Participant: 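Have a look at this one.
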There are 2 protein chains.
Amino acid sequence: MHTSEALALSAALLAAAGDLTRRINDGVVARGFEGRPSYGFAFTRLARGGATVTELGVHLGVTKQAASQLVDELVRKGYVERLPHPGDARARLIVLTERGRECTRAAEEAAAEAVRAWADVLGEEQLGALRAQLTRIAPSGPIRPVW
Amino acid sequence: MHTSEALALSAALLAAAGDLTRRINDGVVARGFEGRPSYGFAFTRLARGGATVTELGVHLGVTKQAASQLVDELVRKGYVERLPHPGDARARLIVLTERGRECTRAAEEAAAEAVRAWADVLGEEQLGALRAQLTRIAPSGPIRPVW
DNA sequence: CTCTATGGTCAAGCTGCTTGACCATGTTGT
DNA sequence: ACAACATGGTCAAGCAGCTTGACCATAGAG
């Protein structure tokens, strides 16, 4: 691969990620929820038993302060709630509310819909390959734009 | 592909894009240039004969005002200059300076280096396939984070 | 030779993040 | 037991990078 193509690959990657993220967010909004794209990524972390603010920040690649602000927002919209953490009185356990779980499902549906559009272009096999390649490439990259 | 995997695909895509973008930027900085990741994407547009501010904005997926601010920054750092546009007295042609071309080469080298790391994991063939898949998927997605 | 569209800039404002300070609680070492 | 330090969380202030809105100069169409 030539040097000039490397930058093009980066651009294509960014374009694809941006396209997918936008589609998902549009789909979630169309289903009657209000939210930013980062909600979805927060939800995936919270879905399994909740998380602390700090853990959420690590998952999203932002400071705990930023994560705390996001949680404020999610609480205000009724998607999550802060519970006392069992076993650590300093911490709070952030968990999804019923409405939060509904929104999570909406995000998953929207994501599936967006990916289906890609499957129409690439075919199931290529799409599976794409997913496999991506997970091998960046197993632990930050789930956020570095722009 | 199941619904839950669709969100995972999106996350993997974002992670890969973020990882690559960060590596490129680090590489550019390590070569003695100061810049943000978006510089590289601006450079690729300017590299072939220059562009107007408005065109640059379209390419980056931002308003012309934001593009103009970016150009201000690039001018300040000596990477580009604003020339009168031949054939349209309203417009200005933004072109790379010699220093700008050096920085562009640095970005390309850094990108190639980052992609080489991926080639070590995936192999050249899979990497080419990845590139092909991505360009088919999001031919005209915005080169910017939708977050 | 108006009338409207387009390229560009200036100015103000906002959103989402950061850094720094601080408090409460947990953990470790002596 | 308790001092010393580490960690989870919040509050506050600041800032980068974007947006919208207004405006001017020039272009192009009728």
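The figures that follow rest on heavy atoms only: side chains count, while hydrogens, waters and symmetry mates do not. A note on names: the letters A, B, ... follow the listed sequences, proteins ahead of strands, and every chain is numbered from 1. These numbers come from a predicted model, not from an experiment.
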Participant: Clusters formed by hydrophobic residues whose side-chain heavy atoms approach within less than 4.5 Å: which one holds B:Val58, and what are its other members?
Facilitator: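 In the cluster with B:Val58 there is nothing else; it is isolated.
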Participant: Is any side-chain nitrogen or oxygen of A:Ser68 closer than 4.0 Å to OP1 or OP2 of D:dT10?
Facilitator: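 Looking at the OP1 and OP2 atoms of D:dT10, one of them is under 4.0 Å from a side-chain N or O of A:Ser68.
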Participant: Under a 4.0 Å N-O cut-off, is there an ion pair linking B:Glu98 with B:Arg105?
Facilitator: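 Counted as a salt bridge, because a side-chain N and a carboxylate O are separated by less than 4.0 Å.
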Participant: Just checking A:Thr63: base, sugar-phosphate only, or nothing, at a heavy-atom cut-off of under 4.0 Å?
Facilitator: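 Base contact.
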Participant: From CG of B:Leu56 over to C1' of D:dG17, roughly how many Å is that when rounded to an integer?
Facilitator: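 Rounding to the nearest Å, CG of B:Leu56 and C1' of D:dG17 are 15 Å apart.
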Participant: Within the pair B:Arg36 and D:dC18, is there a side-chain N or O less than 4.0 Å away from OP1 or OP2?
Facilitator: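 Yes, because at least one side-chain N or O of B:Arg36 sits under 4.0 Å from OP1 or OP2 of D:dC18.
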Participant: Whole Å only: how far is the NZ atom of B:Lys64 from the P atom of C:dC10?
Facilitator: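 To the nearest whole Å, that distance equals 13 Å.
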Participant: Considering residues at least two apart in sequence or located in another chain, which fulfil the side-chain contact (heavy atoms from CB on, under 4.5 Å) criterion with A:Gln126?
Facilitator: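 Only A:Leu122, B:Gln133 meet the side-chain contact (heavy atoms from CB on, under 4.5 Å) criterion with A:Gln126.
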Participant: D:dG17 C1' sits how many Å from B:Gln65 CD, rounded?
Facilitator: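 Answer to the nearest Å: 13 Å.
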Participant: Does the pair B:Asp72/B:Arg76 count as a salt bridge with the N-to-O cut at 4.0 Å?
Facilitator: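 Judged by the 4.0 Å cut-off on N to carboxylate O distance, B:Asp72 and B:Arg76 do not form a salt bridge.
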Participant: Roughly how many Å is it from CG in B:Leu60 to P in D:dG17, rounded to a whole number?
Facilitator: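 That distance rounds to 13 Å.
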Participant: Does OP1 or OP2 of C:dG16 have a side-chain N or O of A:Ser38 closer than 4.0 Å?
Facilitator: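 False: A:Ser38 side-chain N/O out of range (4.0 Å or more) of C:dG16 OP1/OP2.
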Participant: One character per nucleotide, please: for nucleotides 24-30 of chain D, 5' to 3', B when the base has a protein heavy atom closer than 4.0 Å, S when only the sugar-phosphate does, - otherwise.
Facilitator: -BBS---
Participant: Taking only N and O in the side chain of A:Thr54, is any of them less than 4.0 Å away from OP1 or OP2 of D:dG9?
Facilitator: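 Looking at the OP1 and OP2 atoms of D:dG9, one of them is under 4.0 Å from a side-chain N or O of A:Thr54.
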Participant: Once salt bridge (Lys or Arg N to Asp or Glu O under 4.0 Å) is applied, what residue pairs with a partner in residues 46-70 of chain A remain, sequence neighbours excluded?
Facilitator: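 Listed once each, the pairs are A:Arg45-A:Glu55.
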Participant: With nearest nucleotide decided by heavy atoms, which residue, A:Ala91 or A:Asp72, maps closer to the 5′ end of DNA chain D?
Facilitator: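 Its nearest nucleotide being more 5', the pick is A:Ala91.
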Participant: Can you pull out every side chain to side chain donor-acceptor pair (under 3.5 Å) where at least one residue sits in residues 112-121 of chain A? Sequence neighbours excluded, please.
Facilitator: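 Residue pairs passing side chain to side chain donor-acceptor pair (under 3.5 Å), neighbours aside: A:Arg31-A:Glu113.
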Participant: Atom CD of B:Glu34 and atom C1' of D:dA16: how far apart are they, to the nearest Å?
Facilitator: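 Between C1' of D:dA16 and CD of B:Glu34: 15 Å.
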Participant: Figure out the CG/P separation between A:Leu83 and D:dG8, and round it to whole Å.
Facilitator: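 It works out to 18 Å between those atoms.
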Participant: My understanding is that only residues two or more places apart in sequence, or in another chain, count here; which of them pass side-chain contact (heavy atoms from CB on, under 4.5 Å) with A:Thr104?
Facilitator: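 Here the qualifying residues are A:Phe43, A:Leu96, A:Glu108.
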Participant: Does A:Gln69 make a side-chain donor-acceptor contact with the base of D:dT10, cut-off 3.5 Å?
Facilitator: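 A donor-acceptor contact between them is absent.
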Participant: If the condition is side-chain contact (heavy atoms from CB on, under 4.5 Å), which residues does A:Glu81 pass it with, not counting sequence neighbours?
Facilitator: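 Once residues adjacent in sequence are excluded, the partners of A:Glu81 under the side-chain contact (heavy atoms from CB on, under 4.5 Å) criterion are A:Leu83, A:Val95, A:Thr97.
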Participant: Test for a donor-acceptor pair under 3.5 Å between the base of C:dG16 and the side chain of A:Glu73, counting only N and O atoms.
Facilitator: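 Result: no qualifying N/O pair found.
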Participant: Nearest 0.5 Å please: distance from the CD atom of B:Glu34 over to the OH atom of B:Tyr39.
Facilitator: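 Separation between the atoms: 7.0 Å.
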Participant: What is the bend of the helix from C:dC1-D:dG30 to C:dT30-D:dA1 when you compare the axis at one end with the axis at the other, using five pairs each and rounding to 10°?
Facilitator: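 That helix gives 30° between its end axes.
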Participant: How many whole angstroms separate atom CG of A:Leu70 from atom P of C:dC17?
Facilitator: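 It is 7 Å, rounded to the nearest whole Å.
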Participant: Under 4.0 Å: is that the gap between some side-chain N or O of A:Arg82 and OP1 or OP2 of D:dG9?
Facilitator: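 For D:dG9, neither OP1 nor OP2 has a side-chain N or O of A:Arg82 closer than 4.0 Å.
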Participant: Which residues pass the side-chain contact (heavy atoms from CB on, under 4.5 Å) test with B:Asp88, not counting sequence neighbours?
Facilitator: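 Applying side-chain contact (heavy atoms from CB on, under 4.5 Å) to B:Asp88 gives B:His85, B:Arg90, B:Ala91.
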Participant: If I take atom NE2 in residue B:His59 and atom C1' in nucleotide C:dG7, what distance separates them, rounded to the nearest angstrom?
Facilitator: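 Between C1' of C:dG7 and NE2 of B:His59: 19 Å.
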